[in-house]
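Letters A, B, ... are given to chains in the order of the sequence lines, protein chains preceding strands, and every chain is numbered from 1. All values reported here derive from a predicted model rather than from experimental measurement. Side chains included, hydrogens not; waters and symmetry mates left out as well; all remaining heavy atoms used.
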There are 2 protein chains.
Amino acid sequence: MKELNQSQFALLGLLSIAPMSGYDLKQLSEWSVGHFWRESYGQIYPSLRKLEELGLVKHSTETKPGRPDRHVYRLTRAGEGELEHWLELPPVNEVPRNELLLKLFFGGLIGPEACIEHLSKHLLKLHEDLAAYEATQKRIEKESGKHPQRRYWSLTLSYGEHITKAQIAWCEKSMRELKRQGTENRE
Amino acid sequence: MKELNQSQFALLGLLSIAPMSGYDLKQLSEWSVGHFWRESYGQIYPSLRKLEELGLVKHSTETKPGRPDRHVYRLTRAGEGELEHWLELPPVNEVPRNELLLKLFFGGLIGPEACIEHLSKHLLKLHEDLAAYEATQKRIEKESGKHPQRRYWSLTLSYGEHITKAQIAWCEKSMRELKRQGTENRE
DNA sequence: CGTAGCATGTAAGTTGTTACATGATTCG
DNA sequence: CGAATCATGTAACAACTTACATGCTACG
């Protein structure tokens, strides 16, 4: 009676939106929860099997000529129950590793210029992320104008926007400081 | 000629601050980089061995009566070189998983009250984090008033402060919205 | 005609956590 | 006297990524 892991609950959650194949799960997850949750096929397909063994999902096969078979999974009652139970449990958040910060922490060894270089690349990425959040917001409004959960989806996008803006501010401030330091030290 | 992994570079980095034992590395890392990087003993001890095999660190043993032996590791020239080379490479940042956001994304299944509960717990944690950053800032000033890298250390703390404050703002806003929604729906 | 998309899946390897084992000393 | 701190380490497991394998269709 092994417990499910986070990945498996994530899949149950996505299946609560609509019945889907493994391929669909990957696609949907990428634009919907992709900014804070990623799954690879190497996790998805074996997990779907296991969930089915446990009776939490079941699949039906759709056949179309000239197309690979689609295995469409849907939640069972038991699956819904498990999911809801898990959703109520307080979320456990570990400290995410951040390689940029780690490199900056040891920045003295490579000097301010190299650090500024890392930061400016990061800054570009952040602006792209911001643009992506806006695009996703629009996509949610279009593709699910009526879906009762769209308010919750916006909540998680709003998170992305908040912390991305905060990172932009931090990046710009840090780059200014490093530049100042660089010129001061030449005296 | 297997490449080193992130953990091993992190250890090299910490050893660049001062020669240390595995135990010391764990202690130091917790308060210095602990808000964005964690290592367990299960990684530290085997990694130190491997780094020594590769000639990137070497250890000497300190013996004190009535105390366990300390294996103090220090960087070799080769180790410094490897570290610096890695620091120059552009950092790779994967999307960190966030269980809180995942649960909120599916919040429709448990309702606004349960989501507010999750958020308020998170909010408490965020305030603790903020307090911890201030304490660390002071500790840095005290314990390393002269260390040339302390500006870089402050940079990473500043990151923590920025995104923690942004998260606090997001939490409060989200809680307000969920409360509004909860009362509106009763009509 | 090559590339991207559709669609499934596996195998090998890497990485990481957790719990365990040991044992002395110091502090309350 | 019990708990925390100092200090090392291993074994078992869990989780995750990547590359590979297959093969058809639609598009430019």
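The phosphate of D:dA15 has neither OP1 nor OP2 within less than 4.0 Å of any side-chain N or O from A:Ser7. Distances shorter than 4.0 Å separate some side-chain N or O of B:Tyr23 from OP1 or OP2 on D:dC6.
Atom pair B:Lys50:NZ and C:dT14:C1' shows a separation of 10 Å (rounding to whole Å applied). In this entry the distance linking CD of A:Glu52 with C1' of C:dG9 reads 15 Å, nearest Å. Per the geometry, CD belonging to B:Glu30 stands 11 Å off P belonging to D:dC6, to the nearest Å. Put simply, NZ on B:Lys64 is 18 Å from P on D:dT5, counting in whole angstrom units. At whole-Å resolution of the value, CG in A:Leu28 and C1' in C:dA7 are 16 Å apart. At whole-Å resolution of the value, CD in A:Gln6 and C1' in D:dT17 are 17 Å apart. Atom pair A:Phe9:CZ and D:dA15:P shows a separation of 11 Å (rounding to whole Å applied). Between B:Asn5 atom CG and C:dT17 atom C1' there is a gap of 15 Å when expressed in whole angstrom units.
Side-chain atoms of B:Ser7 and B:Arg38 include no donor-acceptor pair closer than 3.5 Å.
Sorted by residue number, the members of residues 34-46 of chain B with any non-hydrogen atom under 4.0 Å from DNA chain C read B:Ser40, B:Gly42, B:Gln43.
Aromatic ring orientation, A:His59 versus A:Tyr73: tilted (interplanar angle from 30° to 60°).
Considering only the side chain of A:Arg70, C:dT8 comes nearest among C:dG16, D:dA7, C:dT8. Relative to the side chain of A:Pro68, the nucleotides C:dA7, C:dT8, C:dT10 differ in distance, and C:dA7 lies closest. Taking the side chain of B:Gln27 as heavy atoms from C-beta on, and the options D:dC6, C:dG5, D:dT8, the nearest nucleotide is D:dC6.
Between B:Glu94 and B:Ser21, the residue anchored nearer the 5' end of DNA chain D, judged by the nucleotide with its closest heavy atom, is B:Ser21.
Cation-pi check for A:Lys165 over A:Trp170 is not met; the charged atom does not lie both under 6.0 angstrom from the ring centroid and within 45 degrees of its normal.
The local environment of NZ in A:Lys125 is sparse, with at most 12 non-hydrogen atoms from other residues, nucleotides or ligands closer than 6.0 Å. No more than 12 heavy-atom neighbours from other residues, nucleotides or ligands sit within 6.0 angstrom of NE2 on B:His85.
Between A:Lys121 and A:Glu117 there is a salt bridge, with a side-chain nitrogen of the basic residue lying less than 4.0 Å from a carboxylate oxygen of the acidic one.
For B:Tyr45, the ring pair (Phe, Tyr, Trp, His ring centres under 6.0 Å) criterion is met by B:Tyr41, not counting sequence neighbours.
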